[in-house]
Amino acid sequence: MLSSRSDKLTEALEKANKIFAGVSRAREAALDAQLLVLASNLGKEKANQLQADMTVFDPTSFAADLLSFMGLNRMESPDGDDDDDDDGIGRGFLPADAWQKLGSEAEQFFKTTPTFHYMLGSFKSEPPVARQRIERQRRCNKGEEKRVMPAQMKKMEESHQEATEKEVERILGFLQTYYREDPETPISFFDFVIDPNSFARTVENIFHVSFIVRDGFARIKLDHDRLPIIEPVAQENDPNIDKDNQPRYQGVISLSHQDWKEIIEAFPISEPMIPAASGQ
């Protein structure tokens with residue numbers, strides 16, 4: 001069956017196709033499948049034995065064609081001797097431009113890297129003198145501006161810091177006053193910071209209260225209704241307590257304009273507990 005001149009494998013497959021028309025049981029179908037596997041393996045081995053002469057590379061034939069392309073003169077020899085050589089392939093001589101002709105033909109099949117060149121000449125290690133003078137002058141001007149700007153910004157930061165500290169102390173005073181008047185009644189956090197007349201002042205109150213809580217002058221906790229309440233914390237004058245190394249707890253809350261309106265309606269808030277500072 002493996003012979004290239006034999007048709008037994010084809011005949012076996014044709015006979016199997018005729019028999020398969022009468023298959024009615026699972027065992028018979030399994031035997032047919034085994035036959036197909038065996039036939040495919042035999043067909044593969046038979047195909048591997050085939051030789052395609054068109055894909056075989058013959059170095060001798062290639063060399064002869066290459067010499068013919070380069071213009072080998074087989075009738076004459078460079079020294080004028082017409083005696084026959086032992087092998088007929090090397091007989092004759094090549095013209096002077098034979099290798100140049102071969103190189104020109106092979107050049108089109110090779111990709112070469114384009115030559116790199118500068119559009120405006122080569123780079124120089126040092127900039128022109130005129131550019132150095134302009135650059136130095138600009139640096140001096142920038143230095144003068146930088147010397148003036150930090151002083152102005154420092155004054156602005158100091159003024160803002162002083163205003164924030166004063167406002168924090170003012171709000172802490174209100175918190176302590178409300179707590180001393182009625183220490184048994186918890187102070188609702190929303191009642192304390194919400195200003196029903198201004199959303200902006202409400203945000204500022206929450207901002208300043210965050211400093212009070214961070215520095216340990218007040219604490220926020222939940223009451224029995226799971227609502228936040230705030231109360232001041234008594235500062236103990238104990239020399240053994242390092243206030244700078246005490247743990248500080250902070251949190252981030254989100255308050256939109258719609259939330260502000262809903263809180264005012266839910267906690268009916270009509271007057272702010274933190275009055276606006278003078279000048280606002």
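Given the structure is predicted, the values throughout are model-derived calculations rather than measurements.
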Evaluate the side chain to side chain contact (heavy atoms under 4.5 Å, CB included) criterion for residues Phe207 and Thr164: first the C-alpha distance (whole Å), next the side-chain angles of each, then the deciding distance (0.1 Å), finally the verdict. CA-CA 10 Å; Phe207 172 72; Thr164 302; 4.3 Å; yes
Considering only NZ, NE, NH1 and NH2 on the basic side and carboxylate oxygens on the acidic side, decide whether Glu167 and Arg170 come within less than 4.0 Å. yes
Quick one: do [X] and [Y] end up in the same hydrophobic cluster if we chain Ile, Leu, Val, Met, Phe, Trp and Tyr together by side-chain heavy atoms under 4.5 Å apart?
{"X": "Val203", "Y": "Ile206", "value": "yes"}
{"X": "Val168", "Y": "Leu175", "value": "yes"}
{"X": "Ile229", "Y": "Tyr179", "value": "no"}

Please name all residues satisfying side-chain hydrogen bond (donor to acceptor under 3.5 Å, both in side chains) with Gln108, sequence neighbours left out, ordered by chain then number.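 Result, side-chain hydrogen bond (donor to acceptor under 3.5 Å, both in side chains) vs Gln108: Glu105.
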Got a sec, which residues hit side-chain hydrogen bond (donor to acceptor under 3.5 Å, both in side chains) with Asp259, two or more places apart in sequence or on another chain? Ser256
Please name all residues satisfying side chain to side chain contact (heavy atoms under 4.5 Å, CB included) with [X], sequence neighbours left out, ordered by chain then number.
{"X": "Lys8", "answer": "Met1, Ser6"}
{"X": "Gln100", "answer": "Asp97, Ser104"}
{"X": "Thr10", "answer": "Glu14"}
{"X": "Arg180", "answer": "Gln176, Thr177"}

Return the set of residues passing salt bridge (charged side-chain N to carboxylate O under 4.0 Å, His left out) with Lys44 (not counting sequence neighbours), or none when no residue passes. none
Taking only residues two or more places apart in sequence or in another chain, which ones pass salt bridge (charged side-chain N to carboxylate O under 4.0 Å, His left out) with Glu231? Arg219, Lys221
Nearest-0.5 Å distance, [atom1] of residue [X] to [atom2] of residue [Y]:
{"X": "Leu9", "Y": "Glu45", "atom1": "CG", "atom2": "CD", "value": "10.5 Å"}
{"X": "Met70", "Y": "Leu94", "atom1": "CE", "atom2": "CG", "value": "5.0 Å"}
{"X": "Ile220", "Y": "Ile212", "atom1": "CD1", "atom2": "CD1", "value": "9.5 Å"}
{"X": "Ile194", "Y": "Phe189", "atom1": "CD1", "atom2": "CZ", "value": "8.0 Å"}
{"X": "Phe199", "Y": "Leu255", "atom1": "CZ", "atom2": "CG", "value": "5.0 Å"}

Throw together a table of side-chain donor-acceptor distances under 3.5 angstrom for residues 260-276, partners on residues two or more places apart or in other chains.
from   : atom 1 : to     : atom 2 : distance (Å)
Trp260 : NE1    : Asp195 : O      : 3.2
Trp260 : NE1    : Thr202 : OG1    : 3.2
Glu262 : OE2    : Gln258 : NE2    : 3.4

Going by atom type alone, with no hydrogens or angles, which donor-acceptor pairs under 3.5 Å involve a side-chain atom of residues 15-37 and a protein atom two or more places apart or on another chain?
from  : atom 1 : to    : atom 2 : distance (Å)
Asn17 : ND2    : Leu13 : O      : 3.3
Glu28 : OE1    : Ser24 : N      : 3.1

Using the test ring pair (Phe, Tyr, Trp, His ring centres under 6.0 Å), find all partners of Phe62 that sit at least two apart in sequence or belong to another chain.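 Expected list: Phe57.
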Chi angles and distances behind the side chain to side chain contact (heavy atoms under 4.5 Å, CB included) call for Leu102, Leu66: CA-CA 9 Å; Leu102 177 61; Leu66 186 63; 3.6 Å; yes
With a 4.5 Å heavy-atom cut-off, do Phe217 and Phe211 have their side chains touching?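 With C-beta onward as the side chain, the pair stays apart.
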Would a 4.5 Å heavy-atom cut-off, applied to side chains only, mark Ile171 and Asn205 as touching? yes
Just checking Lys101: does its NZ atom have more than 12 heavy atoms from other residues, nucleotides or ligands closer to it than 6.0 angstrom?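 Above 12, so yes.
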What residue pairs, at least two apart or across chains, pass side chain to side chain donor-acceptor pair (under 3.5 Å) with a residue in residues 184-194? Asp182-Thr185
